Amino acid sequence: FGSVPKEDTISVDKRGRITSTIVEEFDKDFYDADELESEIDEELSEYNKNFAADHVRKETFKVEDGVAVLQLVFDESGYYSDYTGLTLFAGTLSEAEEEGYDLPGDFVEPNENAADLDTLNSDGKAHVLILEEAVSVRVPGTILAVCPEDNVSVTGKREAAVQEAELSYIVYK
């Protein structure tokens with residue numbers, strides 16, 4: 001997706017990899033960027049040693065003008081949930097149902113008209129991102145519908161903003 005976001009963002013790519021960008025103020029004299037980065041590296045190493053491959057990688061860590069930016073890449077949404085303890089799912093609508101997600105019935109299209117998931121998924125190719133964080137979101141396809149409409153705003157063809165940390169759904173193709 002090119003440049004590093006300026007705010008907390010979760011991005012999904014076409015292969016289902018998740019990139020989490022965390023942006024925090026880092027403006028106290030006693031903060032130590034090198035110490036923080038080594039703690040992050042140690043935590044990632046500790047997590048990844050449970051697997052044959054590194055499923056979570058540090059993409060970016062920088063501190064500029066009193067702001068720290070950390071970007072982590074997760075091979076798939078399951079590793080994100082496991083690592084952070086937060087709900088995150090990225091996959092097809094049928095995969096979401098197989099995983100036990102009960103999709104709500106009150107989706108709206110970006111123009112705020114009611115959306116029918118069966119119609120949107122008539123070819124079986126619609127994907128859904130399910131999350132419970134207040135973040136900006138980028139998906140690899142066009143956003144077709146979101147829920148709940150009072151919590152998820154479509155901000156671009158492939159971008160949305162989730163206001164509150166509650167279960168939210170973004171359907172895209």
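Since we're looking at a predicted model, the values are computed, not measured.
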So L103 and E97, side chain to side chain contact (heavy atoms under 4.5 Å, CB included) or not? Walk me through it.
CA-CA 8 Å; L103 299 174; E97 288 170 7; 4.0 Å; yes

As an exercise, state the distance from [atom1] of [X] to [atom2] of [Y], rounded to the nearest 0.5 Å.
X    : Y    : atom1 : atom2 : result
L36  : F26  : CG    : CZ    : 5.0 Å
I40  : F61  : CD1   : CZ    : 4.5 Å
C147 : D106 : SG    : CG    : 4.0 Å
E99  : S81  : CD    : OG    : 9.5 Å
E159 : R138 : CD    : CZ    : 5.5 Å
E37  : E39  : CD    : CD    : 11.0 Å

Over all heavy atoms of both residues, which pair between [X] and [Y] is shortest? Give the atoms and the distance, please.
X    : Y    : value
D54  : R57  : O-NH1, 3.1 Å
T87  : L167 : CG2-CD2, 3.9 Å
E109 : A115 : CG-CB, 3.6 Å
V23  : P5   : CG2-O, 4.1 Å
E164 : N151 : N-OD1, 2.6 Å
T119 : D116 : OG1-OD2, 2.7 Å

Same apolar cluster (I L V M F W Y, side chains within < 4.5 Å links), [X]/[Y]:
X    : Y    : value
L44  : Y80  : yes
Y172 : F107 : no
L93  : V137 : no
I130 : Y79  : no
L70  : L88  : yes

Taking A90's backbone N and O only, do any of them form a donor-acceptor pair with S77's side chain (distance below 3.5 Å, no angle check)?
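Indeed, once roles are kept as given, a pair shorter than 3.5 Å links the two residues.
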
Check: V73 main-chain N/O paired with E59 side-chain donor or acceptor under 3.5 Å:
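Not a single qualifying donor-acceptor pair exists.
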
Looking at side-chain heavy atoms only, is the closest gap between [X] and [Y] below 4.5 Å?
X    : Y    : result
I18  : V12  : yes
V139 : H127 : no
E43  : K58  : no
I170 : V152 : yes
P148 : S168 : yes
V56  : N48  : yes

Could you tell me whether E112 atom CD has more than 12 heavy atoms of other residues or ligands within 6.0 Å of it?
no

Other residues, nucleotides, ligands: >12 heavy atoms within 6.0 Å of Q163 CD
yes

Could you tell me how the ring of Y101 sits relative to the ring of F89: parallel (under 30°), tilted (30 to 60°) or perpendicular (over 60°)?
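Rings of Y101 and F89: tilted, 30 to 60°.
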
Name the orientation class of the two ring planes belonging to Y47 and F51 (parallel below 30°, tilted from 30 to 60°, perpendicular beyond 60°).
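Rings of Y47 and F51: tilted, as their planes differ by 30° to 60°.
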
If we check side-chain hydrogen bond (donor to acceptor under 3.5 Å, both in side chains) with K173, which of these qualifies: D123, T142, N121?
D123

With H55 as reference, evaluate D82, D75, N50 under the side-chain hydrogen bond (donor to acceptor under 3.5 Å, both in side chains) test and give the passing residue.
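The single option meeting the side-chain hydrogen bond (donor to acceptor under 3.5 Å, both in side chains) with H55 is D75.
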
Under a 3.5 Å threshold, yes or no: a donor from one side chain and an acceptor from the other, between S153 and T155?
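S153 vs T155: no donor-acceptor pair found between side chains.
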
